[in-house]
Protein chains: 4
Amino acid sequence: MGADATRRHHGNRHGRSEQARLAVLEAADDLLVEKGFAGVTIEAIAAGAGVAKQTIYRWWSTKTDILLDAFLQDAAEDLPVPDHGDVGRDLRGYLRHLAYFLTRSDAGAVLRALLGHAQHDSAFAAVLRARFLDEQHDRDRLAIERAVRRGQLPADVDIAAEVDQLVGPIYYRALVTASAIDEDFTDRLVDAFLRRVGLTTNGDRPSGVNGRAELS
Amino acid sequence: MGADATRRHHGNRHGRSEQARLAVLEAADDLLVEKGFAGVTIEAIAAGAGVAKQTIYRWWSTKTDILLDAFLQDAAEDLPVPDHGDVGRDLRGYLRHLAYFLTRSDAGAVLRALLGHAQHDSAFAAVLRARFLDEQHDRDRLAIERAVRRGQLPADVDIAAEVDQLVGPIYYRALVTASAIDEDFTDRLVDAFLRRVGLTTNGDRPSGVNGRAELS
Amino acid sequence: MGADATRRHHGNRHGRSEQARLAVLEAADDLLVEKGFAGVTIEAIAAGAGVAKQTIYRWWSTKTDILLDAFLQDAAEDLPVPDHGDVGRDLRGYLRHLAYFLTRSDAGAVLRALLGHAQHDSAFAAVLRARFLDEQHDRDRLAIERAVRRGQLPADVDIAAEVDQLVGPIYYRALVTASAIDEDFTDRLVDAFLRRVGLTTNGDRPSGVNGRAELS
Amino acid sequence: MGADATRRHHGNRHGRSEQARLAVLEAADDLLVEKGFAGVTIEAIAAGAGVAKQTIYRWWSTKTDILLDAFLQDAAEDLPVPDHGDVGRDLRGYLRHLAYFLTRSDAGAVLRALLGHAQHDSAFAAVLRARFLDEQHDRDRLAIERAVRRGQLPADVDIAAEVDQLVGPIYYRALVTASAIDEDFTDRLVDAFLRRVGLTTNGDRPSGVNGRAELS
DNA sequence: CCCTAATCGAGACGGTACGTCGTGTCTTTCG
DNA sequence: CGAAAGACACGACGTACCGTCTCGATTAGGG
């Protein structure tokens, strides 16, 4: 890459400028974090990215499209589902991570903003579901599905309903009450789940120390 | 004289025009339902209410302030907590009603829009909590608190955590997945709760017919 | 009059409040001098005078009406026509004073503002003429008329045309070029007039010292 | 291409739209003539010109800026100074034209409005002087300067003072008294001037005798 | 090895909505 | 019944972004 900062890409007959694309996504992300959703304007993104407005409109329709792209770029694989062969342990780790992601990470802030916008624009809500939420929902089911496949859980578990009982309270706290989500809370969700499906917890729940360790 | 339509309130020394206030709230509500959140502009509200913009700015700061007022005006007491002396029955009725309110009523649509905006504006989020969500959260706890007071439930129930497990999944479906919330789902949440706190369900859950009856 | 400043006149069933009238006129004048014409608003006058807007509208129609009243109140008799029995001397004194009045006095600033507004509003122009300019024009003629009556000047002098040649250049400089008007200039106007009507000037024009003396 | 009415200029990298510029100036002019100065609002200009408000604010600061531009566009060369080789004849023609221009032409109406506004806004007054009045003042001097150069007039004529005595009364009548200005009046101004500078005005006979004789 | 067409930067354009200010009208309450 | 207080409908202000458009420069691939 040229060391000359003024030496910029100025068009290319075949295909778009990757440089411009990344600059736009980063500028949008930065604006959201620094100025909030209202500070994310196409003009501010263009200025921040050193890009012409038309270049943005050529590739995106709305600012939320950009934010969604930026979010997917950064955070797509941010929520791996642990696989230790034990549903309880897997879910505990997963929910802790989910809570952290939603309430404390930059990517989570973007997602909350997108979910907020989805309440105002059902077309965007559909896009958000198609491009992220559905896939995320699949990830949410994964630990349980694996356990069913392993025979650890009965095959007639209503996975959809169980998943919503596991993640629903976390989203609720993240989006509605904005209250803290500690590991006690997420662990308790898992315990309740395990009891519902007939797996007793082994007495004491893992201490915070263990939980911390699993997070890393 | 009072019936004369041209006889309008045009200001007076002591206090605002109730007529203007109500017209604004109704116009805002109508716009949200008819044109969506983006259609709610101060100018459109003013035009729809037959009111000057300045009159709006005199009493409200933002359009979401207006929507919140409109929401509180209409829906404050829309979610009564049933009190049959039986936690299970009370909660089943309450959650069914909550699900209906959130996903199917006009007021619920306003609330979803406000929650969406709260994701973009933390100052507004605080206001929304102070003026509605906290109070609503108290309502959510009520059935359980009554049961504890009656001795139906042990005194050491972690009400906060239990409530979030009851209502969290409902908000989650309303705000995130936009999937349907049938009575099976809400009833299942109550059953899980009852089992958690050591009250066994009486075998069959009430049929939809009973549920309907309780709703009315 | 009560020493209590908060003790104000609050209505009276017999006629208007002279106190309010004077406060309005003074406030308008002050605003013009301090903030310029754009700073003269009915609201600012009301605030400055400690008077209700309606009280102003009860007695005046426009802010220029107020300024005109204020102007007439203060400056009506500010331009006495000297009468020494000598046209030349009278005119020289008068024009010097006129130039000073137009370009340097506060009242002159108000008059210039009113003349400016008259260019934008022919109805006001008519009012301004009726209430001040016509009378002023009469004053402008006075020295010459007296001289004619005294026989100092021939009876067939076209007074209107002569007056306009005397005062026109002064207004022109005050309103258009904004250039300084010294006594040389006004004296020269008088000299030209005297020569036109057949009166030779007495050689040397009076020095500035004499002029000053005549002004006071 | 040019005949297609929908073919509009919509911005371009290098410079502004001439079409928009002219539409604005014309709309402003039309508004002044039809509705008067108070009818000239930025919004009305924008509407009348079929132009966005921001396009106006991009290039002008105030409505009087626009009017000044419109005035200069139309009327810059509206006042040619005749050059017949005879001061008297030149001045008579010039002053007649000036009087007509100030009191009867549309451009004169604009100028009177601008001079009116200049009384309210000294910053604008300076601009008006810089962009028109100074140049106009030069034009006013031109006939006399030529005559001096020709030797028709003595070199020590105080041109500034003479010019103000010539045009001052005309501006005075146009701006202050709003009385008619016939050719008798303007001719009389010229006659007075000629007598002041020592040229007799009896008919067309040039009093070049003095000038020429003194020259040789 | 140049030609040429897609893409880039820049930025003016027609618009919509913003939040503010001043106008002139009206109502209430006080003295 | 006049005055203070101040809410009201109205209309213009000047600003911020929107999404569209033109323009000249840039750049790779196909002729």
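Residue numbers begin at 1 in each chain, while the letters A, B, ... track the order of the sequences. Only heavy atoms go into these numbers, but all of them, side chains included; no hydrogens, no water, no symmetry mates.
Among the nucleotides F:dC18, F:dG14, E:dG15, the one closest to the side chain of D:Q54 is E:dG15. Taking the side chain of D:A20 as heavy atoms from C-beta on, and the options E:dG14, E:dA10, F:dA9, the nearest nucleotide is E:dG14.
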key: A:R131 vs A:D69, salt bridge (Lys or Arg N to Asp or Glu O under 4.0 Å): CA-CA, chis, key distance, verdict   = CA-CA 9 Å; A:R131 297 192 58 197; A:D69 268 17; 2.8 Å; yes
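A 4.5 Å side-chain heavy-atom check between D:W59 and D:R21 finds every atom pair outside the cut-off. By the 4.5 Å heavy-atom criterion applied to side chains, C:D106 and C:D29 are not counted as neighbours. Looking at C:I66 and C:I42, their side chains come closer than 4.5 Å, going by heavy atoms from C-beta outward.
The separation between B:W60 atom CH2 and E:dC18 atom C1' is 18 Å, rounded to whole Å. Following rounding to the nearest Å, C:Y57 (OH) and F:dG6 (C1') show an atom-to-atom distance of 14 Å. Remark: C1' of F:dA16 and CD1 of A:I45 are 15 Å apart, rounded to the nearest angstrom. Distance B:R58 CZ to E:dC21 P: 13 Å, rounded to the nearest Å.
Scanning both residues, D:F37 and D:K63, for their nearest heavy atoms gives O-NZ, 3.3 Å. In terms of heavy-atom proximity, B:A28 sits nearest to B:I45 at CB-CD1, 3.9 Å. Considering all non-hydrogen atoms of both residues, D:H117 and C:H120 come closest at N-NE2, 3.3 Å.
Side-chain atoms of D:K53 stay outside donor-acceptor range of the base of E:dG15, with no qualifying N/O pair under 3.5 Å.
Applying the 4.0 Å criterion to OP1 and OP2 of F:dC8, one finds that B:R16 has every side-chain N and O outside that range. Remark: A:W59 is in phosphate contact with E:dC8, judged by side-chain N or O atoms under 4.0 Å from OP1 or OP2. Neither OP1 nor OP2 of E:dT7 sits under 4.0 Å from any side-chain N or O of A:T55.
DNA chain E lies under 4.0 Å from no heavy atom of any residue of residues 23-41 of chain D.
For C:I42 and B:K63, each mapped to the nucleotide of DNA chain E holding its nearest heavy atom, the one lying further toward the 5' end belongs to B:K63. Looking at which nucleotide of DNA chain E each of C:A44 and A:E43 is closest to, the 5′-most match is held by A:E43.
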